[in-house]
Engineer: 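Just passing along the structure, written as C-alpha cells.
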Amino acid sequence: MYFGAWIAVRALRDNKEFLGALDVEGIVMLLERPFEVTAQLGFELAKARYNPDQPDLALVAAVANCAVPAARKLAHGWIDNNRARFVEAHDLLIALLFSAHADTRAYARVLLQGVPLLSAAASALIGRVVAGLLALPNTPAAGEVAADVGETVMRAFARPLRGIGLNVVVDLVAHPLEGVQLFAANILLNHDTRPEDLPEQLVAALAVESKHAAVRSLGIRLFGELPDSVLVHRGALMLAFLTSAHVDQRDAIRPVVQRLAARDPAFAAAIVAPLIGALLVKEVHEGVHSFVLRLLKTDLEQGLGAVDKDLVMRLLRAKASAAQELGGILLARNVDPDSLDVGEVARLASHEILAVRQAAWSFFERNVERIRRELPQAIKILDAKWDDSRAFAFAFFRERLQPGDFPPDVLVAIADSVRADVQAFGREMITRCFQEEHGLDYLRRLSEHPSADVQLFATNYLERYAAGSIERLRELVPYFLGVLSRVNRGRVAKARIFRFLTTEAEKSPEAAQLVAELMTRQSLTMAIGDRAASVVAMVEVRQRFGDVPLPIEIRQPPVRTKGQVQRGV
C-alpha cells in the first residue's frame, strides 16, 4: 500500500501543471492521507499556498493534523503568530482538540489556556466539545483523545462548566469511554449544584456502576463530599462500596467511613452490624472479608463494644477465617468470662485461627480461680491439636496451680490422653503432685491405660500399693495380662511384673495359685524370651508350693558315670 502511494506521489510530482491548478480542497485531501509521503506532498503545496493575511482555516487545520511532524509544528507556529484571530474559529479549535496526534492536542491545551474566550463563545465551544465527545467510538485511540479533551476543557473552561446542565452530565456519564466519564465526574466535583442536591442515581452511576477505577474513585469522592448529616443516612450505599468487588471502591470509601466513625459513635455502631453480617456469609468477591476485618479492627473499633456473646460465638463457628479471627478478638474483649463454659473455651484452643486460640489462653490467665474449681473441664485444653496451645497449657498448669489443686482423678485423666506429650506431662504431674493416701487410686487407674508408657509408669506403684494383698493382685490381673501379652514391646515393664509376681507367689498359697494360673495362661502365647521368664517363675512357685497345679513337670537330670560320659552314653 505504501509503495503504491509512493508511485502515485512520484507521478504527481512530475505533473507540475496539475499540481499548480490543485485547489485547497485537493491539498487538504493530500494532507489527510495516512501515508507520510502523501502528506509530505500536501504539506509542501500547503506551505506554498498559505497566506498569513488571509489564512484558510481548513488548510491550517489539515496541516496541524497531517502525518508529517514538521508540518504540524509549522501549523502551530502559524496560529501562534495571530492567536486572537484563530481562537475565534471554533471549527479549527475542535479540529485541534480532537486531533489524532498528541502533540496537536497538547498545543490546543496551551492555546486555549493562553487566550481567554468570552462567556458566550466559551459556552458555544463547550457545547461542540460535548457533542464531539459523545460521538467518539469506543476504541483505544478515541479513549486517548477523550482523556486529553476532557482535561483541556476542564483547565480552560472550569468556570463555565460549573453551570452546565445536569442532563448533559448524565449523557456524558452514560458514554463507555473512561475519559468521557472522568470529564463528567470532574464537572460534578466543581459544579454549582451542591452534592446533596445531585441526583443519587447520577452519583451511583459514577461511583458504583462505572467499569473504570478512576471514575469510580472520583464518584466516591463526590459521594464523600456530601454533608455528614446526609452521609449517615446513606448506609446502604456505603455498605455497597465497602463490600464491592472493586478494591478501588473499598479503598476510596474508607476515609469517609473513618471520618464519620470518629465524629459519630452511633454511625460506627450502626454500620458494624451489617459488616459483621458480611463476614458471616460466603465471600462473594475476593479480598472483601480481609478488608472488612481490617476496617472493623481499626476504623470501627469503637463500634464493636455492642457485639454480644451470641454474635461472638456465631463468629467463632463461622466458616470464614476473617469472621473467626474477629470472634477471637471479641471473645476476650466483649464476653463476660462467667457466661462461658470452661470446657467450651478449652476447645477453642484447638481453633485454626491464632487470635481465637490466644483468646482462650487469655481466658485461662484471667480466670485462674475458676479454672481451679472446674479443673476436670479445664484440662481438655491439654489435648488441643495445636502445639502452641498445648505448650501454653503445660506452662499454665505447672506455674499457676499448686500440687494440692490436682485430685488423683484429674491427674490420671491427664495421663489418660492419647497424645504422647500429654501422657508424659501427666506422669510428670503425678510424680510432682503425688499424695500417699491416693497411691492405690493411681495404681488402679494407671493400670487400666492401654499405653505402654503409662503401663510402665504404673509398675512404680506395684511394690508400695499391691504387694501382700491377694485382693489387689486379683484386681490387677487384667493389667498383668495386658503388659505380658505385648509382643516384642514393653520389655522393662514385663521384667518388673515378672519380678513382682515371683516375689508375691512366695508369700501365700493363694498368691502362688493366682500367679500359677496367670503364668499358665500366658506361657501358651508368649514369645520365647518371655516364656523363659514365665517358666522360671513357675519353677519357683513349684519349689515353694509343690501342690499348686502347673503346666510343667520338673525332672531331675539323670546321673551318668565317668565311663558313660566317655562312651557318649
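Basis for what follows: all heavy atoms, side chains included, without hydrogens, waters or symmetry-related copies.
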Engineer: Ala346 and Ala378: which non-hydrogen atoms are nearest, and at how many Å?
Structural biologist: CB-O, 4.1 Å

Engineer: Walk me through it: do Val345 and Val342 pass the test side chain to side chain contact (heavy atoms under 4.5 Å, CB included)?
Structural biologist: CA-CA 5 Å; Val345 177; Val342 170; 5.7 Å; no

Engineer: After noting the C-alpha distance and the side-chain angles of Arg390 and Phe425, does the key distance pass the side chain to side chain contact (heavy atoms under 4.5 Å, CB included) rule?
Structural biologist: CA-CA 10 Å; Arg390 295 200 302 279; Phe425 177 72; over 6 Å; no

Engineer: Hey, is Asp251 close enough to Arg254 for a salt bridge, meaning N to O under 4.0 Å?
Structural biologist: no

Engineer: Between Lys385 and Glu352, is there a salt bridge with N-O shorter than 4.0 Å?
Structural biologist: yes

Engineer: Just by distance, with hydrogens left out, do Thr298 and Arg294 show a side-chain donor and acceptor under 3.5 Å apart?
Structural biologist: no

Engineer: Quick one: closest heavy-atom pair of Leu315 and Gly327, and the distance?
Structural biologist: CB-CA, 3.8 Å

Engineer: What closest approach, in Å, do Asn334 and Gly305 show between heavy atoms, and which atom pair accounts for it?
Structural biologist: ND2-O, 3.7 Å

Engineer: Can you say whether the rings of Phe392 and Phe364 are parallel (under 30°), tilted (30 to 60°) or perpendicular (over 60°)?
Structural biologist: perpendicular

Engineer: Does a side-chain N-to-carboxylate-O contact under 4.0 Å join Glu428 and Arg398?
Structural biologist: yes

Engineer: So Phe397 and Ile379, do their side chains get closer than 4.5 Å, heavy atoms only?
Structural biologist: yes

Engineer: Checking side chain to side chain donor-acceptor pair (under 3.5 Å) for the pair Thr193/His191: CA distance, chi angles, key distance, verdict?
Structural biologist: CA-CA 5 Å; Thr193 303; His191 206 272; 3.0 Å; yes

Engineer: Which heavy atom of Phe394 sits nearest a heavy atom of Asp421, and at what distance?
Structural biologist: CZ-O, 3.9 Å

Engineer: Whether the side chain of Ser417 engages the backbone of Ile414 through a donor-acceptor N/O pair (distance < 3.5 Å, no angle test) should be reported.
Structural biologist: no

Engineer: Would you mind telling me which of Lys211, Arg216, His285 makes a side-chain hydrogen bond (donor to acceptor under 3.5 Å, both in side chains) with His246?
Structural biologist: Arg216

Engineer: Compare all side-chain heavy atoms of Glu301 with those of Leu296 and state whether any distance is below 4.5 angstrom.
Structural biologist: no

Engineer: Side-chain contact, heavy-atom cut-off 4.5 Å: Leu304 with Arg333?
Structural biologist: yes

Engineer: With heavy-atom distances below 4.5 Å as the criterion, would you say the side chains of Val208 and Val203 are in contact?
Structural biologist: no

Engineer: Would you please test Arg234 and Glu196 for salt bridge (Lys or Arg N to Asp or Glu O under 4.0 Å) and show each step?
Structural biologist: CA-CA 11 Å; Arg234 301 284 176 88; Glu196 59 267 35; over 6 Å; no

Engineer: Taking all heavy atoms of Leu177 and all of Asn138, pick out the closest pair and write down the distance.
Structural biologist: CD2-OD1, 3.4 Å

Engineer: If every non-hydrogen atom of Ala318 is compared with every non-hydrogen atom of Ala323, which pair is closest and at what distance?
Structural biologist: CB-CB, 3.7 Å

Engineer: Before giving the answer on side chain to side chain contact (heavy atoms under 4.5 Å, CB included), spell out for Leu348 and Phe363 the whole-Å C-alpha distance, their side-chain angles and the decisive distance to 0.1 Å.
Structural biologist: CA-CA 11 Å; Leu348 291 177; Phe363 174 89; over 6 Å; no

Engineer: For a 4.5 angstrom cut-off between non-hydrogen side-chain atoms, does Lys309 reach Leu340?
Structural biologist: yes

Engineer: Got a donor-acceptor contact below 3.5 angstrom from the His351 side chain to the Ile353 backbone?
Structural biologist: yes

Engineer: Are the side chains of Pro407 and Leu375 in touch, meaning some heavy atoms are under 4.5 Å apart?
Structural biologist: yes

Engineer: Given 3.5 Å as the limit, does a donor-acceptor pair link the side chain of Asn367 with the main chain of Arg370, or not?
Structural biologist: no

Engineer: Could you tell me the separation between the CZ atom of Arg432 and the CG atom of Leu411, rounded to the nearest 0.5 Å?
Structural biologist: 10.0 Å

Engineer: Would Glu325 and Lys297 satisfy salt bridge (Lys or Arg N to Asp or Glu O under 4.0 Å), going step by step from the backbone distance to the final call?
Structural biologist: CA-CA 10 Å; Glu325 182 174 344; Lys297 288 167 56 177; 3.1 Å; yes

Engineer: Between the main-chain N or O of Val288 and the side-chain N or O of Glu283, is there a donor-acceptor pair closer than 3.5 Å?
Structural biologist: yes

Engineer: As a test of understanding, state which of Glu225, Arg250, Gln249 forms a side-chain contact (heavy atoms from CB on, under 4.5 Å) with Ile220.
Structural biologist: Gln249

Engineer: What residue among Arg400, Arg373, Arg372 forms side-chain hydrogen bond (donor to acceptor under 3.5 Å, both in side chains) with Asp405?
Structural biologist: Arg372

Engineer: Determine, step by step, whether Ser350 and Trp386 satisfy the side chain to side chain donor-acceptor pair (under 3.5 Å) criterion, reporting the C-alpha distance in whole Å, the side-chain angles of both residues, the deciding distance to 0.1 Å, and the verdict.
Structural biologist: CA-CA 6 Å; Ser350 291; Trp386 289 89; over 6 Å; no

Engineer: Ignoring hydrogens and geometry beyond distance, is a side-chain donor-acceptor pair present between Gln181 and Ser210 at under 3.5 Å?
Structural biologist: yes

Engineer: Checking the side chain of His212 only, and the main-chain atoms of Ala214 only, is there a donor and an acceptor separated by less than 3.5 Å?
Structural biologist: no

Engineer: Would Asp228 and Arg263 count as a salt bridge (Lys or Arg N to Asp or Glu O under 4.0 Å) here? Give the steps.
Structural biologist: CA-CA 9 Å; Asp228 289 354; Arg263 296 179 180 178; 2.5 Å; yes

Engineer: Do Leu161 and Phe183 have side chains that approach each other closer than 4.5 Å (heavy atoms only, starting at C-beta)?
Structural biologist: yes

Engineer: Working to the nearest 0.5 Å, report the span between CG of Leu133 and NE2 of His175.
Structural biologist: 7.5 Å

Engineer: OG of Ser217 to CG of Leu222: how many Å apart, nearest 0.5 Å?
Structural biologist: 11.5 Å

Engineer: Measure from the side-chain N and O atoms of Thr243 to the backbone N and O of Leu239, and report whether any donor-acceptor pair falls under 3.5 Å.
Structural biologist: yes

Engineer: Do Glu344 and Met313 pass the side chain to side chain contact (heavy atoms under 4.5 Å, CB included) test, and can you show the C-alpha distance, the side-chain angles, and the key distance before you say yes or no?
Structural biologist: CA-CA 10 Å; Glu344 186 176 31; Met313 301 313 291; 3.3 Å; yes

Engineer: Could you give the distance from CG (Asp416) to CG (Asp383), rounded to the nearest 0.5 Å?
Structural biologist: 10.0 Å

Engineer: Is there a donor-acceptor pair closer than 3.5 Å between any side-chain N or O of Lys380 and the backbone N or O of Arg347?
Structural biologist: no

Engineer: Drop me the distance from Gln324's CD to Ile329's CD1, to the nearest 0.5 angstrom.
Structural biologist: 12.5 Å

Engineer: Does any part of the side chain of Leu206, heavy atoms only, come nearer than 4.5 Å to the side chain of Leu218, both counted from C-beta?
Structural biologist: no

Engineer: Looking only at atom types and distance, does a side-chain atom of His289 sit under 3.5 Å from a main-chain N or O of Val284, one as donor and one as acceptor?
Structural biologist: no

Engineer: To the nearest 0.5 Å, tell me how far Asp388 CG sits from Arg357 CZ.
Structural biologist: 4.0 Å

